[in-house]
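Below you'll find the structure, written out as structure tokens, and then a few comments.
These figures come from a predicted structure and were not determined experimentally.
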Amino acid sequence: MHSVPEMLGGFQNRNRQEIEKDVFNTFLIKENCVALLKNFITEWDPALWDLDFLAECTSGQTVTVKTGKPYSGDRVPTESECDFKQQDLGGFFRYLKTYKDNSTFHYAGYAHFAILNNATPKFHSFDWSWAGLNNFGSHKSTLWAGSAGSFTPCHKDSYGCNLHAQLLGCKEWLLWPPEHDLCPTRLPYEESSTFSSVDVLKETHVKSAVRIVATPGDVIFIPKHWWHLARNLETSVSINTWIDLASDSFDRLKEAIARLLVFSLKGSDSSQSWLNPGEEISSAKENEMLLKHAISQCQHSSSTNDKLKNDIPSRNFYLMIDKAANRSEDFIQCFPLSSHSSMSDENRSKKTENIVDTLLDIIVSDESIMNNISNALLKCTHE
């Protein structure tokens with residue numbers, strides 16, 4: 001396992017004085033590597049929050065709380081193995097103050113400030129200007145609060161860079177660069193997140209990870225597409241924001257295509273086991289509108305126009321994928337299941353479903369395939 005300085009080849013932990021405010025954003029993005037900024041936000045308003053303050057500010061605000069067993073050994077449970085329930089956020093903070101049962105965890109994670117409308121104004125009265133991010137207030141922020149053992153599974157974000165500020169307690173991070181093969185999967189599906197399908201805590205992966213333990217006042221910078229697994233070592237509260245990048249428009253197009261494919265082929269499955277907990281079902285019309293918007297945004301992006309100069313597949317490649325997405329019966333009939341005459345209808349259906357899931361996951365999880373599909377689609381719209 002690598003420490004931050006070892007992994008970053010001399011990029012040492014930096015304090016506030018070493019990074020000027022007006023170059024904070026561009027400096028870290030240019031470095032394109034994980035950074036731990038020790039004691040960087042000790043004077044920032046959120047860094048002065050405590051559980052009593054948070055309970056007072058958020059009483060009456062409902063959030064989703066994840067509960068489950070803390071992981072041990074080399075396997076991290078999936079989101080689908082945890083329970084989710086609605087709970088008053090103010091009561092949750094009061095609960096955390098006295099909670100001492102280490103056999104289960106409770107986590108109010110990924111709670112966007114923009115939807116925490118019932119919280120008091122003083123809960124929202126902060127911004128990220130200290131990081132050189134103008135017009136980044138609470139509406140651009142996300143809250144993460146949980147007991148010891150609560151965690152976010154290993155994944156990578158589709159867009160932007162992640163700036164994560166630790167306010168209370170300690171949080172452990174394991175991070176891997178994008179090129180480290182952690183077997184990406186998009187099933188169960190969650191918009192803008194790609195999960196790892198391997199046991200990342202096995203020695204072969206852990207020894208190549210960057211390990212960081214963030215304490216109150218620390219800030220972690222996570223570059224785009226870096227894998228990360230985060231676990232609270234004790235009762236912990238943190239907030240983060242994502243910094244948009246020019247390349248995001250192309251990734252949003254890939255995400256819109258992935259969503260169209262997944263929902264077209266899996267939307268009729270009423271069990272919804274193909275959806276990550278908390279992910280909402282969208283209609284074919286909504287998915288089509290998302291795709292059209294992503295195409296429009298992409299066509300106005302200089303970074304995307306550069307991609308179109310590269311060799312890309314023919315129009316027929318996109319049309320084949322389009323047919324698979326919109327006519328799932330034709331797609332399923334490609335497999336020679338009819339030769340298994342002794343197979344029951346139930347087993348045949350299950351086998352077909354497994355084949356479709358496997359091929360679908362291969363398509364939407366593979367960066368090169370999705371790049372080719374996206375480029376082909378953009379070329380089609382220009383013709």
Distance to the ring centre below 6.0 angstrom and angle to the axis at most 45 degrees; does that hold for Lys66 and Phe151? yes

Do the two ring centres, one from Phe113 and one from Phe126, sit under 6.0 Å apart? yes

For residues Pro216 and Gly169, report the shortest heavy-atom separation together with the two atoms involved. CD-O, 3.2 Å

Tell me whether Tyr71 is reachable from Phe105 by hopping between hydrophobic residues (I, L, V, M, F, W, Y) whose side-chain heavy atoms are closer than 4.5 Å. yes

Could you check Trp144 against Ile239 for side-chain contact (heavy atoms from CB on, under 4.5 Å), going step by step and ending with a plain yes or no? CA-CA 6 Å; Trp144 309 82; Ile239 56 178; 5.6 Å; no

Search all heavy atoms of Ser365 against all heavy atoms of Arg186 and return the closest pair with its distance. OG-N, 3.2 Å

Assigning hydrophobic clusters by single linkage (Ile, Leu, Val, Met, Phe, Trp, Tyr; side-chain heavy-atom cutoff under 4.5 Å), is Val262 placed with Leu290? no

Pair Lys156, Ser196: side-chain N/O donor-acceptor within cut-off below 3.5 Å: no

Criterion side-chain hydrogen bond (donor to acceptor under 3.5 Å, both in side chains) on Ser247 and Lys224, from CA distance to verdict: CA-CA 10 Å; Ser247 60; Lys224 185 174 182 176; 2.7 Å; yes

Cut-off 3.5 Å, no hydrogens considered: what does the side-chain donor-acceptor table look like for residues 84-91, sequence neighbours left out?
from, atom 1, to, atom 2, distance (Å)
Gln86, NE2, Thr64, OG1, 2.6
Asp88, OD1, Gly60, N, 2.6
Asp88, OD1, Gln61, N, 3.4
Asp88, OD2, Gly90, N, 3.2
Asp88, OD2, Gly91, N, 2.7

How about Phe123 and Leu116: do any of their side-chain heavy atoms sit closer than 4.5 Å? yes

Is it the case that the side chains of Arg231 and Ser150 hold a donor-acceptor pair, with the cut-off being a distance below 3.5 Å and no angle test? no

Cluster partners of Leu233, using ILVMFWY side-chain heavy atoms under 4.5 angstrom, listed by chain and number? Val213

Do the side chains of Ile369 and Leu187 join up, straight or via other hydrophobic residues, at under 4.5 Å, putting them in one cluster? yes

Quick check on the 6.0 Å ring-centre criterion: do Trp226 and Trp176 meet it? no

Between Glu56 and Arg94, does any side-chain N to carboxylate O distance fall below 4.0 Å? no

Are Ile212 and Glu172 close enough that some pair of their side-chain heavy atoms sits under 4.5 Å apart? no

Taking atom types as modelled, is there a side-chain donor on Thr78 or Glu81 under 3.5 Å from an acceptor on the other? yes

To the nearest 0.5 angstrom, please state how far the OG atom of Ser138 sits from the NE2 atom of His112. 13.0 Å

Ring centre gap for Phe93 and Trp49 strictly below 6.0 Å: no

Test of understanding: clusters of I, L, V, M, F, W, Y form through side-chain heavy atoms closer than 4.5 Å, transitively. Do Leu260 and Ile281 belong to the same one? yes

Can a donor-acceptor pair be found between the side chains of Ser192 and Glu255 at a distance below 3.5 Å? no

How far apart are the closest heavy atoms of His139 and Ala114, and which atoms are they? O-CB, 3.9 Å

Less than 4.5 Å apart, side chain to side chain, heavy atoms only: is that true for Ile373 and Asn375? no

May I have the step-by-step check of side-chain contact (heavy atoms from CB on, under 4.5 Å) for Cys170 and Asn232, ending in yes or no? CA-CA 6 Å; Cys170 297; Asn232 293 319; over 6 Å; no

Side chain to side chain, Leu291 and Ile257, heavy atoms closer than 4.5 Å: yes

Main-chain N/O of Cys161 paired with Trp242 side-chain donor or acceptor, under 3.5 Å: no

Side-chain heavy atoms of Leu143 within contact of Asn240, under 4.5 Å: no

Take Ser158 and Asp251 through the side-chain hydrogen bond (donor to acceptor under 3.5 Å, both in side chains) test and state the conclusion after the steps. CA-CA 6 Å; Ser158 299; Asp251 287 307; over 6 Å; no

Check this for me: Asn135, atom CG, are more than 12 non-hydrogen atoms of other residues, nucleotides or ligands nearer than 6.0 Å? no

Short side-chain donor-acceptor distance under 3.5 Å, Lys171 and Ser238: yes

What distance separates Glu280 CD from Glu286 CD, expressed to the nearest 0.5 Å? 9.5 Å

Are Leu253 and Leu378 packed together at the side-chain level, in the sense that at least one heavy-atom pair is separated by less than 4.5 angstrom? yes

How close do Thr42 and Gly217 get, counting heavy atoms only, and between which atoms? CG2-CA, 4.4 Å

Under 30°, 30 to 60°, or over 60°: which ring-plane class applies to His228 and Trp173, parallel, tilted or perpendicular? tilted

Between Asp45 and Lys122, is there a salt bridge with N-O shorter than 4.0 Å? no

side-chain contact (heavy atoms from CB on, under 4.5 Å) for Trp227 and Leu174? Distances and angles first, verdict last. CA-CA 8 Å; Trp227 294 99; Leu174 294 179; over 6 Å; no

Suppose we call two aromatic rings close when their centres sit under 6.0 Å apart. Are His106 and Tyr99 close by that rule? yes

What do you reckon, are the aromatic ring centroids of Phe263 and Tyr189 less than 6.0 Å apart? yes

Quick one: does any side-chain atom of His124 pair with a main-chain N or O of Thr120 as donor and acceptor, under 3.5 Å? no

How many angstroms lie between CG in Leu167 and CG in Leu51, if you round to the nearest 0.5 Å? 10.5 Å

Do any N or O atoms from the side chain of Ser197 and from the backbone of Pro184 form a donor-acceptor pair under 3.5 angstrom? no

Starting at CG of Asp218, measure out to NE2 of His164 and round the result to the nearest 0.5 Å. 11.0 Å

Using 0.5 Å steps for rounding, measure from the CD atom of Glu279 to the CD atom of Glu79. 11.5 Å

If only side-chain N and O atoms count, and only distance matters, is there a donor-acceptor pair under 3.5 Å linking Asn287 with Ser282? yes

Considering only heavy atoms from C-beta outward, does the side chain of Val76 approach that of Asp199 to under 4.5 Å? no

List the atom of Asp248, the atom of Ile243, and the distance in Å for their closest heavy-atom pair. OD2-O, 4.4 Å

For the pair Asn371 (side chain) and Glu367 (backbone), establish whether a donor and an acceptor sit closer than 3.5 Å, ignoring hydrogens and angles. yes

Could you check whether any side-chain N or O of Trp128 sits under 3.5 Å from a backbone N or O of Leu163, counting only pairs where one atom can act as donor and the other as acceptor? no

Cation-pi check, Arg252 onto Tyr159 ring (under 6.0 Å, within 45° of axis): yes

Measure the spacing between CG of Leu54 and CG of Leu168 and express it to the nearest 0.5 Å. 6.5 Å

side-chain contact (heavy atoms from CB on, under 4.5 Å) between Gln166 and Thr215, worked out: CA-CA 6 Å; Gln166 190 69 24; Thr215 58; 5.7 Å; no

Should Phe195 and Leu261 be counted in the same cluster of Ile, Leu, Val, Met, Phe, Trp and Tyr side chains packed under 4.5 Å apart? no

Can you name the nearest heavy-atom pair linking Met370 to Ala258, along with the distance? CE-N, 3.7 Å

Test item: Ser273 and Ser80 side chains (from C-beta on) under 4.5 Å apart, heavy atoms: no

